[in-house]
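Below is one structure, written out as structure tokens, with a few remarks after it.
Since the structure is predicted, the reported quantities are computational estimates derived from the model, not experimental observations. The analysis underlying the following values was restricted to heavy atoms, covering all of them including side chains, and did not include hydrogens, waters or symmetry mates. Both ligands and their constituent atoms are indexed starting at 1 by order of listing.
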Amino acid sequence: MSEWKHKHLLDLQDTTRGDIELILETARSFKEVSSREIKKVPALRGKTVAMLFAEPSTRTRVSFELAAKRLSADTLTIQAAVSSLAKGETLLDTALNVEAMNVDLVVVRHQASGAPQILANGTKMSVVNAGDGCRSHPTQALLDIFTIHEKLGRTDGVRVAIVGDIMHSRVARSNISGLIKMGASVVVCGPSTLLPVGIEQMGVESTTDITKALKGADVVMALRMQKERQQDSFLPSIAEYVREFCITPERLKLANHKALVMHPGPTNRGIEIAAEVADGPQSVILEQVTNGIAVRMAVLYLLLGRRAE
Ligand code: CP
């Protein structure tokens with residue numbers, strides 16, 4: 001098992017397979033804390049974790065907050081719309097003010113790719129990227145990898161089909177980066193306008209053919225249209241997307257028997273995934289959410305508790 005040496009978690013590209021294995025192992029040990037009657041361990045008592053969110057979030061923000069609380073850290077949340085960011089204060093100035101209140105770690109989500117790096121460079125706090133633009137969402141990929149390993153018992157040799165708006169998806173980029181390191185094979189699929197040119201250089205197969213993508217898949221991961229990041233019209237119509245790419249019960253039969261159905265959320269039932277699939281027996285969508293707490297506990301502990309030791 002590798003030794004943890006990082007101060008920040010900005011992008012899985014900065015991590016090794018050993019780092020990812022250490023996070024998964026640590027998350028496994030924390031998972032049972034959430035099923036205790038008293039859901040708390042003292043690992044981060046005395047530490048303070050800030051959530052600085054300039055974009056909407058349900059799962060990531062809430063699970064980071066619960067993860068920090070279950071480790072006994074103090075928490076605070078700053079949401080852009082109701083903070084001085086809305087009066088024109090810069091993200092870095094906001095973070096420096098948070099740091100002035102002796103916060104140890106900041107979890108940041110921002111629409112601009114690279115925003116977490118600015119805080120890592122400009123403050124002394126540990127920084128965790130909770131999603132920056134189209135670039136990276138490392139803890140989402142970690143919880144996805146944790147779930148795949150928990151359900152299938154391995155990641156080596158697992159075939160993962162990621163279907164949807166790959167172009168604007170930080171979840172796709174982080175999953176590709178992490179899954180390849182963990183020995184999985186990845187195929188990305190979507191309309192040609194939503195497949196980034198040169199994505200194969202990340203070590204994945206790329207196709208517009210949904211049948212080809214799903215055949216033999218052990219995991220089918222559906223992604224929503226990232227309309228908030230689409231500057232242009234990438235599709236003739238949503239109806240056309242649904243006809244060609246929606247993960248329906250019939251299409252799911254192309255994948256391996258008992259293939260896992262995953263989605264990072266929020267889901268748009270009837271667009272990228274049929275309701276019967278999202279709510280069906282192969283879906284692990286809510287287990288991903290449950291696992292998000294354990295994985296984020298592991299990340300906070302390794303960055304704050306373990307480093308302090
Ligand atoms: N998966 C994810 O990032 O969800 P939220 O936008 O709700 O945090």
Considering only heavy atoms of [X], which atoms of ligand 1 have at least one such atom less than 4.0 Å away?
X	answer
Thr60	2 (C), 3 (O), 4 (O), 5 (P), 8 (O)
Gln140	1 (N), 2 (C)
Gly265	1 (N), 2 (C), 4 (O)

Does a side-chain heavy-atom distance below 4.5 Å link [X] with [Y]?
X	Y	result
His6	Asp19	yes
Leu9	Leu302	no
Met51	Leu76	no

Output yes when the distance from some N or O of ligand 1 to some N or O of Pro264 is under 3.5 Å, and no in every other case.
-> yes
Hey, does Ser57 come in under 3.5 Å of ligand 1, counting only N/O atoms on both sides?
->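 N/O-N/O distance below 3.5 Å exists for this pair.
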Any heavy atom of Glu55 sitting closer than 4.0 Å to ligand 1?
-> no
Any idea which heavy atoms bring Phe146 and Leu24 closest together, and the distance?
-> CE1-O, 3.7 Å
For [atom], which protein heavy atom lies nearest, and how many Å away is it?
atom	result
atom 4 (O) of ligand 1	Arg59 NE, 3.0 Å
atom 7 (O) of ligand 1	Thr58 N, 2.8 Å
atom 6 (O) of ligand 1	Arg109 NH1, 2.9 Å

Only one of Arg224, Gln288, Glu272 forms a side chain to side chain donor-acceptor pair (under 3.5 Å) with His263, so which one is it?
-> Glu272
Should Phe64 and Val128 be marked as a side chain to side chain contact (heavy atoms under 4.5 Å, CB included) after you check the CA-CA gap, both sets of side-chain angles, and the distance that decides it?
-> CA-CA 10 Å; Phe64 264 115; Val128 178; 3.6 Å; yes
Any Lys/Arg nitrogen of Asp279 or Arg269 sitting under 4.0 Å from an Asp/Glu carboxylate oxygen of the other?
->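 Yes.
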